[in-house]
Amino acid sequence: MEKTYNPSDFEDRLYKEWEEKGCFKAVRDDDKVPFTVMMPPPNITGQLHMGHAMDETMQDAVTRFKRMQGYCALWLPGTDHASIATEVKIVEQMKKEGLSKESVGREGFLKRAWEWKEKYAGRIVEQLKKLGSSCDWSRLTFTMDDKCSKAVREVFVNLYNKKLIYRGNRIINWCPECKTALSDAEVDYAEENGFFWHIKYYTEDGKEALEVATTRPETMFGDTAVAVNPSDKRYKHLIGKNVVLPVVNKPIPVVGDEHADMEFGTGCVKITPAHDPNDFEVGLRHNLPVVRVMNDDGTMNELAGKYAGMDRYECRKALTEDLKALGNLVGTEPHVHNVGHCYRCSATVEPIVSRQWFVKMEGLARPAINAVIDKKITFVPERFAKIYYNWMENVKDWCISRQLWWGHRIPVWYCADCGAEICSKTDVSECTRCGSRNLSQDEDVLDTWFSSALWPFSTLGFPDDTSDLEYFYPGDVLVTGYDIIFFWVARMIFSGLEHMRKVPFRDVLIHGLVRDEKGRKMSKSLGNGVDPLEVISKYGADSLRFSLLQGVAPGNDTRYSDAKVESCRNFMNKIWNSGRFVIMSVADRNIKPVSEFRLSSADKWIIARLQSAIRDVTLAMNKFELGIACQTMYDFMWSDFCDWYIELVKPVLKGEDAVAADRAASVLVFVLENALKLLHPFIPFITDEIYRNIPGTEGTIMTKEFPRYNSRHAYKKDAQAFEGVMDIIKAVRAAKTELNCPPSRKVSLYIVTENKRLISANCDSILKLAGAKEINYVQSAADAGENAVAKVLSSGTVYIPMGELVDIEKEKARLEGELEKVMDEIRRADGKLNNQGFIAKAPKKLVDDERAKLNKYIELREKILAQLKSL
RNA sequence: GGGAGCUUAGCUCAGUUGGGAGAGCAACUGCCCUACAAGCAGUGGGUCACAGGUUCGAGCCCUGUAGCUCCCACCA
């Protein structure tokens with residue numbers, strides 16, 4: 001093995017080998033329990049960012065863990081066509097070449113889109129591989145693959161036949177830039193500084209006027225009423241009469257409607273059913289005409305009279321000036337309001353009445369809510385269930401048609417001759433009603449999320465009853481960010497229930513966002529994004545992976561920083577070198593199962609620590625506490641194994657006793673192998689590379705069994721006793737530092753103890769690690785001679801003669817400090833034990849432990865007092 | 001308007017069934033003791049936002065307050 005950790009030496013090689021050997025492949029095996037994870041397919045709009053890196057790392061860790069535990073683990077990868085997002089990108093690209101959608105036509109555009117897909121989907125796959133993702137590439141799916149299209153049509157037709165999909169004229173969000181409808185979830189709201197324009201609408205006789213206030217005066221041409229509250233005494237008498245729409249001079253009625261809030265503004269609302277969701281409702285209640293005054297591109301249409309053709313903002317400006325001149329505009333006040341923006345191009349969306357396709361949500365939502373209430377699906381952390389409920393309970397019908405070209409085209413055909421509307425799973429060329437061949441398919445495509453919603457089963461062969469679908473569905477855990485609970489998670493749940501009659505997954509593991517060092521969202525506009533590939537090439541995939549998992553709690557955002565990755569890289573280096581040390585040290589030794597040796601107390605201690613690591617990691621993984629699992633392994637590997645056990649075992653390996661050396665070597669190998677297995681789900685490359693170099697191992701670590709907790713290896717008593725030995729070593733080290741004694745200076749130790757056997761059994765270790773030359777067992781302080789520093793421990797009192805370095809006064813002060821600490825402890829324990837409530841109500845074990853502590857501290861106090869006296 | 005999260009060491013954050021406050025980084029001291037200076041040993045540093053409450057016992061549970069962040073709805 002190379003002396004320094006250099007991940008680029010082996011990461012690609014190992015990944016290739018895993019892939020070639022089919023380690024990622026999930027093939028139905030009825031002797032195994034399936035474990036299914038569906039990758040949230042990344043958009044083909046670009047490349048992977050840090051958020052993906054975290055998302056994929058979490059899925060990979062969970063999948064590898066389960067695979068090693070013996071499950072038939074399937075992690076199914078894919079990419080998403082991302083209808084609107086991709087189309088926006090391609091239009092941008094074409095614009096640079098002086099082309100437009102119209103100029104290349106639908107066919108030409110789709111050709112470009114597929115070329116784009118080939119390029120970017122491939123790139124994303126390469127990136128996922130660099131990360132170490134253990135997904136089954138043979139199942140790689142694109143959301144516009146034939147199988148997905150088939151599923152989409154199946155579902156569309158089923159819902160259509162059940163009348164759960166309908167076409168209707170309704171208020172939708174319209175993006176004038178993308179020129180398409182958007183669903184409610186695709187609109188981002190942001191506060192903006194705007195104005196309230198106060199406009200007077202006079203009665204027909206000109207004697208009275210209603211003053212309305214609006215933030216969008218240009219919609220005025222679509223006004224078909226003015227509403228006042230029916231119980232508003234100010235205007236009640238005008239209900240049923242007409243007012244005149246300024247500029248156009250058209251009479252419109254005054255209606256009484258609760259929508260008008262007497263407290264707000266003037267209490268009069270202009271009603272524009274075609275351009276406002278609330279007004280649309282009012283319009284329905286009063287049978288008002290719906291007058292649309294804007295074109296698809298955000299310009300005004302012919303109903304805007306002389307303003308026709310103007311952009312909506314141009315018109316606003318011109319119109320308000322004209323109104324002012326006419327005397328109708330009586331006030332302009334600044335107003336901060338929430339404005340909806342397209343989530344892809346950020347243009348201000350317009351609520352517009354439009355004929356679109358919708359999914360009727362009533363009926364689909366309830367079972368989806370119940371599935372979570374009934375714990376068929378669990379959100380981790382649980383609080384996200386509330387967000388889900390809230391959305392589901394208030395969900396409106398889902399607008400699924402998009403006036404785009406890139407996507408699943410709506411499988412509905414219209415007959416030009418008889419007007420029939422034919423919804424079909426297969427392409428239709430002849431009218432089923434009149435036999436005419438004069439058919440045309442609906443121009444629109446479906447919302448991207450319509451196909452994403454089917455992902456958990458479309459990928460497995462739905463609508464066919466495939467063996468895979470039967471075996472791998474439902475999935476086990478869905479890992480994703482909280483930002484797409486509405487877009488995706490919710491829709492997968494109701495779709496799974498509706499079409500498969502089963503929930504699509506049992507757990508939803510939600511993670512937060514990866515932010516930059518300053519806590520800002522990583523974004524293109526800020527230019528603060530960090531490319532995972534660059535980090536990988538600099539530090540290695542394992543370091544990046546570990547940095548994205550360590551210290552992260554489910555659902556919480558995390559910050560990316562180079563410093564964090566660097567510290568993880570250092571950990572990798574530590575693992576690397578410990579592996580190298582073990583492999584070098586055991587080369588000439590006879591490695592046997594640890595059960596064949598009489599283990600030392602240090603051996604038992606590290607094996608006990610290993611057992612608790614196995615237990616803790618497994619528990620944490622089962623609860624998706626990846627951060628805790630990583631931390632557990634970090635501590636075990638670095639502190640317990642490297643800093644203590646390896647150091648303890650060095651003298652044994654070099655000693656005369658060959659059996660002892662074999663034993664130490666065997667324990668080293670045993671612990672290292674297990675630790676690597678425990679670490680493998682998080683850092684697959686380095687663990688495998690080291691594992692292969694351990695004598696006696698075969699093949700890759702990734703197909704080995706995950707360690708299981710073994711209670712016979714807990715060695716509770718031995719491990720605890722051994723900590724007494726460690727205490728002695730720590731105490732001597734500390735004493736040296738306190739007295740500015742160079743670590744290289746070997747000291748003599750005089751120990752008063754009742755644990756002579758334990759200490760002499762570990763004599764070599766103590767001498768080596770504490771930097772001592774001898775241990776003398778004595779009866780009292782006097783035997784240690786003058787100028788000895790005393791360390792009072794529960795395993796005994798250690799005297800360290802330091803000659804001229806000792807300052808009696810300082811030593812006294814130090815011991816008094818120690819005494820004070822011990823006294824505090826005694827007071828604390830005493831107080832607890834004198835508390836009748838504690839004695840009566842606390843668990844017995846706790847009370848006993850507290851008593852034992854008290855006795856220990858009392859003992860220490862006596863020893864320290866005696867020592868002080870002797871000075 | 002409704003809801004959620006956060007507030008713990010100088011910084012970034014863990015702390016999940018309530019039982020003596022932790023890590024990484026930074027700081028300070030001393031070390032090349034041949035696995036690792038991407039390292040080793042040691043040290044300092046916290047009224048766990050604030051105020052109440054429940055409890056024998058609260059960083060953790062309940063109520064309220066403040067600051068920050070986010071989500072949903074929406075005021076025409």
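Residue numbers begin at 1 in each chain, while the letters A, B, ... track the order of the sequences. These numbers come from the heavy atoms of this one structure, side chains and all, not from hydrogens, waters or symmetry mates.
- To the nearest 0.5 Å, atoms OG1 (A:T320) and CH2 (A:W197) are separated by 6.0 Å.
- Nucleic acid contact class of A:R828 (heavy atoms, under 4.0 Å, all strands): base.
- Base-pair partner of B:C61: B:G53 (Watson-Crick or G-U wobble, both distances under 3.5 Å).
- Within 4.0 Å of A:Y389, counting heavy atoms only, lies no atom of the nucleic acid at all.
- A side-chain N or O of A:H198 and one of A:E333 form a donor-acceptor pair less than 3.5 Å apart.
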### Query
How does each nucleotide of nucleotides 30-43 of chain B score, in 5' to 3' order, for protein heavy atoms under 4.0 Å: base (B), sugar-phosphate only (S), or none (-)?
S----BB-BSSSS-

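- Aromatic pair A:Y343/A:F487: ring centres closer than 6.0 Å.
- The side chain of A:L846 sits closest to B:G19 out of B:A23, B:C74, B:G19.
- Per the geometry, NE2 belonging to A:H511 stands 16 Å off C1' belonging to B:G5, to the nearest Å.
- Comparing the same atom, P, in B:G24 and in B:A14 gives a spacing of 16 Å after rounding to whole Å.
- Across all strands shown, B:A23 forms a Watson-Crick or G-U wobble pair, both distances under 3.5 Å, with B:U12.
- Atom CG of A:D184 and atom C1' of B:A73 are 11 Å apart (whole Å).
- Distance CG (A:N390) to P (B:C74): 12 Å, rounded to an integer number of Å.
- Nucleic acid contact class of A:F486 (heavy atoms, under 4.0 Å, all strands): sugar-phosphate only.
- Listed pair A:K564 / B:G24 fails the phosphate criterion, with no side-chain N or O lying under 4.0 Å from OP1 or OP2.
- Of the C1' atoms belonging to B:G15 and B:C60, the separation is 9 Å, rounded to the nearest Å.
- Comparing B:G44 with B:A49, their C1' atoms are spaced 25 Å from each other, to the whole Å.
- Going from the C1' atom of B:A37 to that of B:C31 covers 11 Å, rounded to whole Å.
- Remark: the A:S8 side chain and the A:N6 side chain contain an N/O donor-acceptor pair separated by less than 3.5 Å.
- Here the separation of B:A9 from B:G22, taken at their C1' atoms, is 10 Å to the nearest Å.
- The aromatic rings of A:F384 and A:Y482 lie parallel to each other, with less than 30° between the two planes, well short of the 60° mark.
- In this structure the side chain of A:L846 never reaches within 4.5 angstrom of the side chain of A:K832, judged on heavy atoms.
- Across all strands shown, A:I387 has no heavy atoms under 4.0 Å from either base or sugar-phosphate atoms.
- In this structure, A:K736 contributes its side chain and A:P743 its backbone to a donor-acceptor pair below 3.5 Å.
- Residue-level contact check: A:D635 touches neither bases nor backbone, having no heavy atom under 4.0 Å from any strand.
- Rounded to whole angstrom, the span from the CZ atom of A:R559 across to the C1' atom of B:U69 amounts to 11 Å.
- Taking the nucleotide of RNA chain B with the nearest heavy atom to each of A:V187 and A:P277, the more 5' of the two is matched to A:V187.
- At a threshold of 4.0 angstrom between heavy atoms, the contacts of A:I628 include nucleobase atoms, whether or not backbone atoms are also involved.
- The nucleotide B:C36 finds no pairing partner, because no Watson-Crick or G-U wobble arrangement with both distances shorter than 3.5 Å includes it.
- For B:A66, the paired nucleotide is B:U7, the pair qualifying as Watson-Crick or G-U wobble because both relevant distances are below 3.5 Å.
- Partners of A:N855 under the side chain to side chain donor-acceptor pair (under 3.5 Å) rule, at least two apart in sequence or in another chain, do not exist in this structure.
- Applying the 3.5 Å distance criterion, the base of B:C74 shares a donor-acceptor pair with the side chain of A:N338.
- A parallel orientation is assigned to the rings of A:F546 and A:Y634, their planes being inclined by less than 30° (bins at 30° and 60°).
- Among the atoms of the strands shown, only primed sugar atoms or phosphate atoms (P, OP1, OP2) are found under 4.0 Å from some heavy atom of A:H335.
- The residue A:A840 sits apart from the nucleic acid: no heavy atom pair falls under 4.0 Å.
- Taking the P atoms as reference points, B:U55 lies 35 Å from B:C68, given to the whole Å.
- Within the 4.0 angstrom heavy-atom criterion, no nucleotide atom of any strand lies near A:G627.
- Rounded to whole Å, the separation between the P atoms of B:U65 and B:A4 comes to 14 Å.
- The distance between atom CG of A:D557 and atom P of B:U7, rounded to the nearest whole Å, is 13 Å.
- Listed by chain and residue number, A:Y201, A:K270, A:T272 satisfy the side chain to side chain donor-acceptor pair (under 3.5 Å) test with A:D223 (two or more places apart in sequence, or in another chain).
- Contacts of A:T558 with the nucleic acid, taken as non-hydrogen atoms under 4.0 Å apart, are absent.
- Distance A:D616 CG to B:G22 C1': 15 Å, rounded to the nearest Å.
- With both ends at atom P, the span from B:A21 to B:A35 equals 38 Å, rounded to whole Å.
- Both A:N394 and A:A213 lie near RNA chain B, and the one whose nearest nucleotide falls closer to the 5' end is A:N394.
- Pairing for B:G45 is absent, judged as Watson-Crick or G-U wobble with the two contacts each under 3.5 Å.
- Atom CZ of A:F487 and atom P of B:C71 are 12 Å apart (whole Å).
- Summarising the geometry, the separation between CG on A:L833 and C1' on B:G19 is reported as 13 Å, rounded to the nearest angstrom.
- In this structure, A:A842 reaches the bases: a heavy-atom distance under 4.0 Å links it to at least one base atom across the strands shown.
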